[in-house]
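All remarks here apply to the structure that follows.
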Amino acid sequence: MVHCTQVVKRFAGRGGQVAGLDDVSFEIARGEFVAIQGPSGSGKSTLLLTLGGMLRPTSGSVSILGQDLYALSGSARARFRAERLGFVFQLFHLVPYLDVRSNVLAGLPTIDAAARERVESLIHGLGLAPRARELPSTLSAGERQRVALARALAKQPPLILADEPTGNLDPENAALVFNRLAEYQRGGGTVLVVTHGSDAAPHANRVLRLAAGRVTDSAAASRSSIPLSADLPSTPLNRSS
Amino acid sequence: MNLLSLILRELWHRRVNALLLLVAVAGTVTLLVSVRLLATAAERETRRVMRDLGFNLRILPKEVDPDRFLAEGRSDQTLPADAVKRLAAAAGTFVSFNHLTPSLERRIQIAGRDAILTGLGASVIGPGEKKQPMGFNIAEGKAFLGALLATRLQTRRGETVEVMGKKLTVERVLMESGSDDDVRIFTSLSDAQSMLGLPGRISEIKAIDCLCLTGDQDVLAQLRKALAKALPEAQVLQLRALADARARQRQTAEKYSALAVPFVLLVGALWVGILSALNVRERRPEIGLWRALGQGSMRIAALILGRSLVLGVPAAVLGYVAGTWLALHFGPQVYPITAGGFAADHSLLGWAMGLAPAFAAVASFLPAMLAVSHDPAETLRAD
């Protein structure tokens with residue numbers, strides 16, 4: 001599903017070139033839930049944006065679903081993102097002038113009746129129905145992240161990339177987000193979460209550790225072979241939508 | 001979600017920026033509309049002032065001695081009346097001359113008093129021009145009397161005066177001018193020819209010059225060259241003071257418009273550009289998000305340029321209304337002579353509605369390019 005091969009990303013700094021990613025290589029199989037852990041500044045977000053086709057690496061290659069992302073033109077890469085990738089960001093990144101429903105719809109490359117039905121189902125499933133007509137500025141942090149999650153899930157992408165998705169959430173909402181991502185993975189999707197904490201680990205099949213732009217450790221997580229449905233509490237958020 | 005809906009929601013969401021942008025475009029349109037209306041008024045006023053200044057060229061028979069003509073103010077030599085037609089028909093005439101007005105003039109006595117009889121023919125203007133003919137348009141059997149002459153003859157408007165055995169109705173008594181016009185009687189050219197026994201003849205062709213040349217160019221030499229080709233049996237004298245005054249007035253009016261329009265456009269474009277740049281800056285996270293969601297450069301540019309285009313339409317209407325009101329309200333104080341000529345120009349609304357959105361979009365072009373080239377990683381990166 002994801003092949004990251006010898007990826008190097010350097011940025012221009014005051015004292016010359018600064019390495020954001022330093023020879024990063026790993027693979028993610030279809031249907032995996034992978035967590036990449038690392039402290040702030042370790043290059044997690046840089047890695048995620050590189051995998052998302054938004055940050056061209058200085059060298060190395062990124063291939064998703066057999067497609068070398070940076071061999072594509074800018075517009076073809078944008079199309080690929082629109083159709084194949086879902087994003088969840090720490091800062092939610094909702095469109096401030098669109099209501100909840102429109103924000104979720106904004107993630108869809110095409111909107112048909114089935115897509116609308118899916119969106120409504122997600123809005124209900126994530127407990128957002130009473131706020132469907134509200135603007136993001138009126139929502140709590142947890143609600144905003146649920147909107148962002150619904151937006152990523154709505155187009156049913158093969159791969160979801162989540163950057164510190166629970167960084168601004170209380171434990172309860174953090175659990176809801178991870179549960180939902182795990183449910184999505186159980187349904188055949190692939191999830192890559194980057195986080196500075198260890199809260200994603202219980203939900204992940206595999207954990208990669210990143211430090212100073214390098215993958216330093218890779219380990220199978222404890223739940224890698226455990227059926228997720230067995231350890232998830234029953235909440236409105238992990239019901240099938 | 002369609003583009004227009006996104007643009008409208010964003011405009012409503014960032015109302016202050018949208019309002020300032022609307023004011024910027026509307027302000028630019030307001031100034032341009034009022035400048036345009038005032039420039040038209042200036043042109044009208046200039047035309048009126050020019051007309052009041054009178055003709056500055058006198059095209060005379062070649063055999064007239066210029067020294068004697070200038071000393072006496074007239075000569076007995078004549079040209080055939082069809083000289084006007086020939087001059088008007090010659091190629092390039094209206095590049096150099098305009099308002100060709102044939103006249104026949106003689107010193108006469110009316111009731112024992114000295115007077116000047118001037119018969120005026122219809123003015124000929126350049127083909128396709130909408131200018132009002134200069135001079136008087138006098139019907140046969142009618143006369144305009146100079147102020148002093150009317151006083152001496154104790155004749156008022158509507159009364160008749162007998163000139164060389166012909167009775168003429170006084171249609172107008174002219175205001176005192178302090179010139180020889182005060183002892184002049186103006187009639188139609190045909191009446192003057194008949195009274196003077198000079199059918200088909202004229203003394204001269206009065207005209208004004210059309211050349212708007214710079215100070216270092218010899219206007220008179222060019223006029224003489226043009227006349228030599230068109231009417232070789234004539235010569236031209238230029239009343240320099242009038243010509244200079246005319247040129248100065250015309251150039252002042254043109255300079256005003258030529259300076260104001262680029263200045264207004266530049267200031268308006270800067271204002272719109274800065275507001276659009278602020279909008280783009282505020283929307284960087286949103287632009288990053290649209291990128292992440294797979295929106296291409298065209299869509300991002302359309303979001304930025306589209307808001308300028310959308311705001312341009314109401315701004316055009318507002319600017320047209322405000323600009324017209326300003327011109328109609330203050331214009332008459334600036335141009336009192338032709339104050340009655342001020343009127344709204346509805347064609348400007350069409351122009352404004354077409355050009356204001358385009359102007360706003362062009363002024364937002366650089367910010368739009370900034371948005372397109374914005375690196376989404378800058379705003380989406382959390383660590």
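The basis for the numbers below is simple: all heavy atoms, side chains too, and nothing from hydrogens, waters or symmetry mates. Residue numbering restarts at 1 for every chain, and letters A, B, ... go by the order of the sequence lines. For clarity, every value in this text was computed on a predicted model and none was experimentally measured.
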- Query: Looking only at heavy atoms, which two atoms of B:L6 and A:Y97 are closest? And how far apart?
  - Reply: O-CE1, 3.5 Å
- Message: Tell me the closest heavy-atom pair linking A:F87 and B:A292, and the distance in Å.
- Response: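 That would be CE1-O, 3.3 Å.
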Is chain B contacted by the side chain of [X], its backbone, both, or neither, given a heavy-atom distance below 4.5 Å?
X      : result
A:L161 : neither
A:R77  : neither
A:L105 : neither

- Message: Tell me which of these, A:G74, A:P109, A:P96, A:G167, has more heavy-atom pairs under 4.5 Å with chain B than the rest.
- Response: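 Most heavy-atom pairs under 4.5 Å with chain B: A:P96.
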Count the heavy atoms of every other residue, nucleotide or ligand shown that sit under 6.0 Å from [atom1] of [X], and state whether that count exceeds 12.
X      : atom1 : value
B:F365 : CZ    : no
B:R36  : CZ    : no
B:F330 : CZ    : yes

Can you give me every donor-acceptor pair (side chain of residues 295-302 of chain B, partner residue at least two apart or in another chain, under 3.5 Å) with its distance?
{"residue": "B:S297", "atom": "OG", "partner": "B:R291", "partner atom": "NH1", "Å": "3.4"}
{"residue": "B:S297", "atom": "OG", "partner": "B:R291", "partner atom": "NH2", "Å": "3.3"}
{"residue": "B:R299", "atom": "NH2", "partner": "B:M1", "partner atom": "O", "Å": "3.0"}

- What is the distance from atom CZ of A:F89 to atom CG of B:L289, rounded to the nearest 0.5 Å?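 Result: 6.5 Å between the selected atoms.
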- Under 4.5 Å from a heavy atom of chain A, the part of B:L293 involved: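 Both parts, backbone and side chain.
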- Query: Among residues 8-18 of chain B, which residues come closer than 4.5 Å to chain A, judged by heavy atom distances?
  - Reply: B:R9, B:E10, B:H13, B:R14
